[in-house]
**Q** 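Quick one: structure below, then a few questions.
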2 protein chains.
Amino acid sequence: MSWEERLNQAGWRVTMPRRVVLRVLQQARRPLSPQEIHARGRRIHPSLGLVSVYRALEVLEQAGLVRRVHREARCDGYILASPGHHHVLICRRCGRAVEFPGAEDLSGLIDQVERRTGFRVEDHLLQLIGLCAPCRGSGPA
Amino acid sequence: MSWEERLNQAGWRVTMPRRVVLRVLQQARRPLSPQEIHARGRRIHPSLGLVSVYRALEVLEQAGLVRRVHREARCDGYILASPGHHHVLICRRCGRAVEFPGAEDLSGLIDQVERRTGFRVEDHLLQLIGLCAPCRGSGPA
DNA sequence: TCTCTTACTGAAAAAATTTTTCAGTAATAT
DNA sequence: ATATTACTGAAAAATTTTTTCAGTAAGAGA
Ligand SMILES: [Zn+2]
Ligand SMILES: [Zn+2]
Ligand SMILES: [Zn+2]
Ligand SMILES: [Zn+2]
């Protein structure tokens with residue numbers, strides 16, 4: 001099922017700002033802020049408004065098509081999301097973000113935490129930070 | 001070693017805003033935003049400025065005394081940090097945040113990711129979201 | 001293909017957050 | 001005590017995010 005169909009099925013329309021935001025993120029090599037998406041989006045479609053970028057990101061995130069990236073400094077970065085639950089691995093040098101699956105790998109840890117704290121764990125946020133292969137190769141970090 | 005000594009040793013001074021911010025977070029039952037910390041801090045020390053809250057949080061976070069909490073909505077929450085690496089478990093109903101250790105539990109997953117992606121993982125961010133025991137008990141979520 | 005309905009749009013204004021500037025203050029060392 | 005300078009609050013500036021609103025266009029149905 002295409003993303004257009006997924007949006008429609010969820011009751012949302014396929015509109016220009018949503019198309020443009022997705023296309024910008026497809027072409028991006030690192031997480032982009034709403035402002036950055038807006039700037040790049042205008043090169044594709046000059047009438048694109050910043051407000052629509054915010055609104056598009058909100059919808060696309062709910063639809064699971066876009067994923068927010070949390071970082072030490074700013075937490076306003078977005079990347080394209082693969083379907084289903086994924087984690088994110090970010091290069092601290094070039095900013096490249098890679099998704100990886102692995103919800104199951106946390107089940108042992110989650111069981112342990114549930115037993116010790118009495119919480120019932122429902123969701124989680126996991127991000128790994130490091131150096132990608134190219135960045136590891138090129139000179140001292 | 002007290003937190004005052006830790007600050008001094010790192011070259012920072014022990015000042016009123018830093019004291020107040022820590023005290024507010026000690027008394028808090030959930031992560032607080034800079035604005036909330038400022039409001040509560042003023043009840044302790046009315047001359048406390050908002051700018052100093054921002055600056056205090058920055059220093060205290062660097063010193064490892066305070067921890068930032070990332071959430072779906074806003075990522076501007078802070079809690080008191082236990083010494084060393086911890087993860088955070090947050091109740092989606094009452095907002096209560098609990099720290100828990102467990103860096104080692106991720107080593108298997110991290111090894112796997114490193115092998116598959118070529119990244120060298122240096123750090124990570126892990127937060128669990130769920131329901132605490134009291135909130136699980138009291139009525140339908 | 002031509003309506004109709006209304007989700008959606010961009011721009012402007014408003015609100016909220018965060019950073020910068022600066023003259024004065026107070027924490028630490030001597 | 002005195003000196004040094006990291007640090008302070010307030011105001012201003014910059015930036016980000018939300019709200020409002022009149023108009024537009026996506027998708028459904030004829
Ligand atoms: Zn890299
Ligand atoms: Zn965040
Ligand atoms: Zn709770
Ligand atoms: Zn950890």
Side-chain angles (χ1 to χ4, degrees), chain A residues 1-24 31-63 65-66 68-78, chain B residues 1-24 31-63 65-66 68-78:
Chain A
M1 184 158 61
S2 71
W3 68 266
E4 287 97 333
E5 288 169 324
R6 288 183 64 185
L7 272 195
N8 269 323
Q9 204 148 55
W12 282 304
R13 295 181 180 176
V14 174
T15 67
M16 178 277 286
R18 293 170 190 169
R19 278 182 204 286
V20 172
V21 167
L22 280 184
R23 186 148 150 229
V24 165
L32 299 181
S33 70
Q35 314 277 345
E36 290 172 318
I37 294 169
H38 180 229
R40 298 187 186 197
R42 281 213 141 152
R43 303 209 287 259
I44 299 172
H45 199 109
S47 77
L48 176 68
L50 175 58
V51 182
S52 297
V53 172
Y54 278 101
R55 292 189 282 222
L57 287 171
E58 198 180 318
V59 167
L60 295 174
E61 189 177 22
Q62 275 187 64
L65 296 169
V66 142
R68 173 139 159 247
V69 168
H70 297 259
R71 315 168 84 171
E72 287 296 316
R74 282 282 171 81
C75 281
D76 59 354
Y78 288 85
Chain B
M1 183 157 62
S2 71
W3 68 267
E4 288 98 332
E5 288 169 323
R6 287 181 65 183
L7 273 195
N8 269 323
Q9 203 148 56
W12 283 305
R13 293 180 181 176
V14 174
T15 67
M16 178 276 287
R18 293 168 191 171
R19 276 181 205 286
V20 171
V21 167
L22 280 184
R23 190 150 146 223
V24 165
L32 299 180
S33 70
Q35 314 276 346
E36 291 173 318
I37 294 168
H38 180 228
R40 298 187 186 198
R42 280 212 143 153
R43 303 210 287 259
I44 299 173
H45 198 108
S47 76
L48 176 68
L50 175 58
V51 182
S52 295
V53 172
Y54 277 101
R55 292 189 282 222
L57 286 171
E58 198 180 319
V59 166
L60 295 173
E61 189 176 24
Q62 275 188 63
L65 297 169
V66 143
R68 174 140 158 246
V69 168
H70 298 260
R71 316 169 81 170
E72 287 297 316
R74 283 282 171 80
C75 281
D76 59 354
Y78 287 85

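This structure is a prediction, so every number in the text was calculated from the model and none was measured. Lettering follows sequence order; numbering is per chain, from 1.
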**Q** Indicate yes or no: at least one non-hydrogen side-chain atom of B/Y78 is less than 4.5 angstrom from one of B/L60.
**A** no
**Q** What integer distance in Å separates A/E4:CD from D/dA26:P?
**A** 13 Å
**Q** Is B/R18 reaching over with its side chain to a backbone N or O of B/A56, donor-acceptor style, under 3.5 angstrom?
**A** no
**Q** Taking protein heavy atoms under 4.0 Å as touching, what does nucleotides 11-19 of chain D look like 5' to 3' if B marks base contact, S marks sugar-phosphate-only contact and - marks none?
**A** B----SBBB
**Q** Starting at atom CG of A/N8, determine the distance to atom P of C/dC8, rounded to an integer number of angstrom.
**A** 10 Å
**Q** Who pairs with A/H70 by ring-ring contact (aromatic ring centres under 6.0 Å, His included), at least two apart in sequence or on another chain?
**A** B/H70
**Q** Less than 4.5 Å apart, side chain to side chain, heavy atoms only: is that true for B/V53 and B/P17?
**A** no
**Q** B/L57 CG to C/dT19 P: how many Å, rounded?
**A** 11 Å
**Q** Do B/W12 and B/E4 have side-chain heavy atoms sitting under 4.5 Å apart?
**A** no
**Q** A side-chain contact here means heavy atoms from C-beta on lying under 4.5 Å apart; do A/L7 and A/R13 qualify?
**A** no
**Q** Is B/E72 paired with A/R68 through a side-chain N to carboxylate O contact shorter than 4.0 Å?
**A** no
**Q** Within the supplied structure, the quantity of interest is the number of heavy atoms (other residues, nucleotides, ligands) at a distance under 6.0 Å from A/R23 CZ; does it exceed 12?
**A** no
**Q** Could you identify which residues of residues 11-20 of chain B place a heavy atom less than 4.0 Å from some atom of DNA chain C, listed by residue number, or say none?
**A** B/R13, B/V14
